[in-house]
Novice: 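Provided herewith is a single structure, encoded as structure tokens, for subsequent inquiry.
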Amino acid sequence: MEAFGLLLQGFGVLLTWKILALMMVGLILGIFVGVLPGLGGPNGVAILLPLTFTMDPTSAIVMLSCIYWGALFGGAITSILFNIPGEAWSVATTFDGYPMAQKGQAAEALTAAFTSSFIGSLFAVLLITFLAPSVATFALRFGPPEFFAVYLLTFCSFVGLGREDKHKTIISLTLGLLLAGIGMDTVSGQLRMTFGSTELLRGVNFLVAVIGLFGISEILLTMEEKLALRGHTASISLRTVWKVWREMPRYWATLLRSSIIGSWLGVTPGGAIAASFMGYNLAKRFSRDPKSFGTGRIEGVFAPETAAHASGTAALLPMLALGIPGSGTAAILLGGLMVWGLNPGPLMFVEHKDFVWGLIASMYLGNVVGLVIVLTTVPLFAAVLRVPFSAIAPMILVSCAIGAFAIQNAMFDIWLMLLFGIVGYVFKKIGIPLAPFTLALVLGNRAESSFRLSMIGAGGDLTVFWSNPLVGTITTLAFTLLFWPVISALFDRGKRLLLPAKSERSGPA
Amino acid sequence: MPRDSGALLLCAMAESEAEIVVEDPDAPAADSPAVTSIRTVDMVVSVLLVGFAALMAFDNWRTGMSWAFDGPQAGYFPFYLSVVLAGAAIYGLVTSYRSKSEAGTAFVTRDQLRRVLQVFVPTLLFILGTQWLGIYVASFLLVAGFMRYVGRIAWWKCVLTSFLFTAAMFVTFDVAFDVIMPKGPLEAAFGR
């Protein structure tokens, strides 16, 4: 009940004309970047981040998170109308969304996508409202060893559970951690890896890296593609909305299932993609008529959209409560918070109560306003695709440069941004994942200082990471995840040795 | 008179209202020859990473990478990170050397490289221009020039769009919010 009161207070903070206006601007900009070819969640937030440097923290984070919601909504528009998934997690939406558009049911498909996104987000926001404070309270008891164990768990889960080549994930992680270490050592105050350069004294700024890695590299990658497209337009009438909404309760099981899967996977890194496919596949399996999936079934739009958005929103839960982002975009939002000296984590719930609850309240309000905006303005945004890319690309480049410069007023940072743009372009093409790099860069210093603080506390004794059941469990879990591919391979081998007579695929009936 | 058709993205209104069709006549051809393979780039990147790791390891060894009585020294963490990075990069070097699938996949085709350079070179010039002319003049030149030479859009549209965009940026950042941006002789002439 305490959460409820605080939430109401949060709404009180938001209900000013200024914030509501910023919210609308954020949502519209977000949908805009979501619709544009090649741009999406993390890129959009990274590019538009500089716009918020001029604001107070509350307005800024409200606007940023609204850009994020907008980008999520916008991805569905191109998936359904043009069969172009803006993001990997929109791929599953195209399976049934595009066939529906071809059958002339584009408006229904869009309404279904927007409404289910809204439901998925709402589910996850409710989860955040009631779970995040307890997680934060619990985490208040964490000391440096516990925090280090949690950071370790995050890094290890990328290596163990990621679908990319293991050595490429490790390269991405260690490179990010190394770059995070450049500059002044936070514990001893010593300079390291600066090679006498005054520019490197400040270290590699996370946001500069992100703008380059996601913004510039994405422009380069988009230029490589064939930019021609062909698709449908649609305008949504009130009658269509009503029709879809009336049909919706019949699919409550799908919606609930996808919400739960999404929220669960969202808390773990990189979950939104897995969540959307899993939501889709499970809806197909539990359906009485699985064969009709892929031919334009409305359920095939509900399932992945709900899961993807529940996951995208749930990724903010560990970020707020523990300071550990659950997705690349959440990492960028975390970096955005750090610009104002706000350190997400358990202490934020105590020290910046107003701010946290304002943010949570903005998630509710942003999603409601977003739903209304997308439902009413779809034709407008579909038309954005007619604007030539040769006009949009240079404007995005300029915005990136302005953003990179504004962070520390340094020309050097613009060059650094370009360098990261090239790195991001090459890495994406040779399959080195960028998400671990982003996360390592933003968490590197905290991970290192919590490790060294626990070493100072324990007199250099490494067993401190197994000194109590809590930290011991997390550390052990981290190592299990790190070696998960090896462990599961051993298990399989063991099983085959035990059951030599059984043929390969005779598993459970 | 220049043809008013965006070569990059030609905005063609479709006959029927229910369709949006955008053409891209300049698109990279699917059969364009590969400039280099994924394998080559992967190997080059691995070598560069090993070099970078060695440099970092050396610097951290200089800073102090041993274990003092109260825990690790400043260079300890980064030193071992460089070792892990070098190890992973060497492993990557060997696997990509052996990989047949990577050797057969194009990293970038000639047509694609041409298009990438179409953005990259103007960006480079823009950043250089920012140092001498200030960001606002440079951005006006970038947007107008890019639209004109890459997009082949009518010049008056390029100048107008670019001017409006730059003016909006100037008003937002310089006039309204007082964000410091690199400026050049033009701003100085107007006393800003």
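Quick note: numbers below take in every heavy atom, side chains included, and nothing from hydrogens, waters or symmetry partners.
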Novice: Under 4.5 Å heavy-atom distance to chain B, tell me which part of A:M193 shows up: side chain, backbone, both or neither.
Specialist: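 For A:M193, the contact with chain B is made by backbone and side chain together.
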
Novice: Apply side chain to side chain contact (heavy atoms under 4.5 Å, CB included) to the pair A:F405 and B:T130, showing each step before the final yes or no.
Specialist: CA-CA 11 Å; A:F405 183 86; B:T130 301; over 6 Å; no

Novice: Taking A:R192 for its side chain and B:D59 for its backbone only, find out whether a donor-acceptor pair lies under 3.5 Å.
Specialist: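 Absent.
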
Novice: Heavy-atom pairs under 4.5 Å with chain A are the metric here; pick the option from B:V84, B:T166, B:N60, B:L124 that has the most.
Specialist: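 Answer, by heavy-atom pair count under 4.5 Å with chain A: B:N60.
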
Novice: Is A:I422 in contact with chain B via its backbone, its side chain, both, or neither, using a 4.5 Å heavy-atom distance?
Specialist: side chain

Novice: Ignoring hydrogens and geometry, is there a side-chain-to-backbone donor-acceptor pair from B:R115 to A:E224 under 3.5 Å?
Specialist: no

Novice: Would you call B:V119 and A:I216 a side-chain contact if the rule is heavy atoms closer than 4.5 Å?
Specialist: no

Novice: Which bit of B:S96 comes within less than 4.5 Å of chain A, counting heavy atoms only: side chain, backbone, both or neither?
Specialist: neither

Novice: Drop me the distance from B:S162's OG to A:M395's CE, to the nearest 0.5 angstrom.
Specialist: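 The OG atom of B:S162 sits 7.5 Å away from the CE atom of A:M395.
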
Novice: How many angstroms lie between atom CZ of B:F58 and atom CZ of A:F195, to the nearest 0.5 angstrom?
Specialist: 8.0 Å

Novice: Between B:F140 and A:V398, is there a side-chain heavy-atom distance shorter than 4.5 Å?
Specialist: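 A:V398 does not reach B:F140 side chain to side chain.
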
Novice: Please flag which part of A:A391 lies under 4.5 Å from any non-hydrogen atom of chain B: side chain, backbone, both or neither.
Specialist: both

Novice: Measure distances from B:L141 to the heavy atoms of chain A and classify the residue's part below 4.5 Å as side chain, backbone, both or neither.
Specialist: neither

Novice: What is the minimum heavy-atom distance between B:L81 and A:L177, and which atoms define it?
Specialist: CD1-CB, 3.6 Å

Novice: Drop me the distance from B:S139's OG to A:L397's CG, to the nearest 0.5 angstrom.
Specialist: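 That separation rounds to 11.0 Å.
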
Novice: Please determine whether side chain to side chain contact (heavy atoms under 4.5 Å, CB included) holds for the pair B:Q73 and A:D185, giving the CA-CA distance in whole Å, both sets of side-chain angles, and the decisive distance to 0.1 Å.
Specialist: CA-CA 10 Å; B:Q73 290 180 321; A:D185 169 29; over 6 Å; no

Novice: Do you know the tightest heavy-atom contact between B:I153 and A:S390?
Specialist: CD1-OG, 3.6 Å

Novice: Under a 4.5 Å heavy-atom cutoff, which of B:R62, B:M181, B:M147 has the most pairs with chain A?
Specialist: B:M181

Novice: Identify which of B:V108, B:T161, B:D111 forms the greatest number of heavy-atom pairs closer than 4.5 Å to chain A.
Specialist: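 Maximum pair count with chain A is reached by B:V108.
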
Novice: Hey, mind stepping through A:W415 and B:L128 against side chain to side chain contact (heavy atoms under 4.5 Å, CB included) and telling me if it holds?
Specialist: CA-CA 9 Å; A:W415 288 109; B:L128 277 173; 3.9 Å; yes

Novice: Answer with side chain, backbone, both or neither: which region of A:I182 has an atom nearer than 4.5 Å to a non-hydrogen atom of chain B?
Specialist: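 It is the side chain, since no backbone atom gets that close.
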
Novice: As an exercise: rank B:S82, B:C158, B:G75, B:P122 by heavy-atom pairs under 4.5 Å with chain A and give me the winner.
Specialist: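 Top option by heavy-atom pairs under 4.5 Å: B:S82.
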
Novice: A:I414 versus B:Q131: any side-chain heavy-atom pair under 4.5 Å?
Specialist: no

Novice: Identify which part of B:F52 has an atom lying under 4.5 Å from any heavy atom of chain A, answering side chain, backbone, both or neither.
Specialist: side chain

Novice: In terms of heavy-atom proximity below 4.5 Å to chain A, should B:L55 be classed as side chain, backbone, both, or neither?
Specialist: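 Both backbone and side chain.
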
Novice: Which value, rounded to the nearest 0.5 Å, describes the distance between B:Y76 atom OH and A:R452 atom CZ?
Specialist: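 CZ of A:R452 is found 11.0 Å from OH of B:Y76.
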
Novice: Considering only heavy atoms, which portion of A:L453 lies under 4.5 Å from any heavy atom of chain B: side chain, backbone, both, or neither?
Specialist: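 Contact with chain B is absent: no heavy atom of A:L453 under 4.5 Å.
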
Novice: Can you say whether B:F107 sits under 4.5 Å from chain A via the side chain, the backbone, both, or neither, judging by heavy atoms?
Specialist: both

Novice: A:K429 and B:D42: salt bridge (Lys or Arg N to Asp or Glu O under 4.0 Å), yes or no, with the steps?
Specialist: CA-CA 9 Å; A:K429 294 200 85 173; B:D42 208 342; over 6 Å; no

Novice: Please classify the contact between B:V116 and chain A as side chain, backbone, both or neither, with a heavy-atom cut-off of under 4.5 Å.
Specialist: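 The answer is both parts of B:V116.
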
Novice: Highest number of heavy-atom pairs under 4.5 Å with chain B: which of A:I170, A:D165, A:I171, A:V426?
Specialist: A:I171

Novice: Can you say whether A:K168 sits under 4.5 Å from chain B via the side chain, the backbone, both, or neither, judging by heavy atoms?
Specialist: side chain

Novice: To the nearest 0.5 Å, how far apart are CD in B:Q112 and CG in A:L221?
Specialist: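 Answer rounded to 0.5 Å: 9.5 Å.
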
Novice: Ignoring hydrogens, what is the shortest heavy-atom contact between B:P78 and A:L178? Give both atom names and the distance.
Specialist: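 Looking at all heavy atoms of both residues, the shortest contact is O-CD2, 3.5 Å.
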
Novice: Measure the CE-CZ distance between A:M223 and B:F120 for me, rounded to the nearest 0.5 Å.
Specialist: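 If I round to the nearest 0.5 Å, the distance is 13.5 Å.
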
Novice: Let me know if B:I135 has heavy atoms under 4.5 Å from chain A in its side chain, its backbone, both or neither.
Specialist: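 The side chain, not the backbone.
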
Novice: B:L49 versus chain A, heavy atoms under 4.5 Å apart: side chain, backbone, both or neither?
Specialist: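 Side chain only.
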
Novice: Can you name the closest pair of heavy atoms from A:S399 and B:M169 and give their distance?
Specialist: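 The answer is OG-CE, 4.2 Å.
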
Novice: Please check if atom OH in B:Y91 has more than 12 non-hydrogen atoms from other residues, nucleotides or ligands closer than 6.0 Å.
Specialist: no

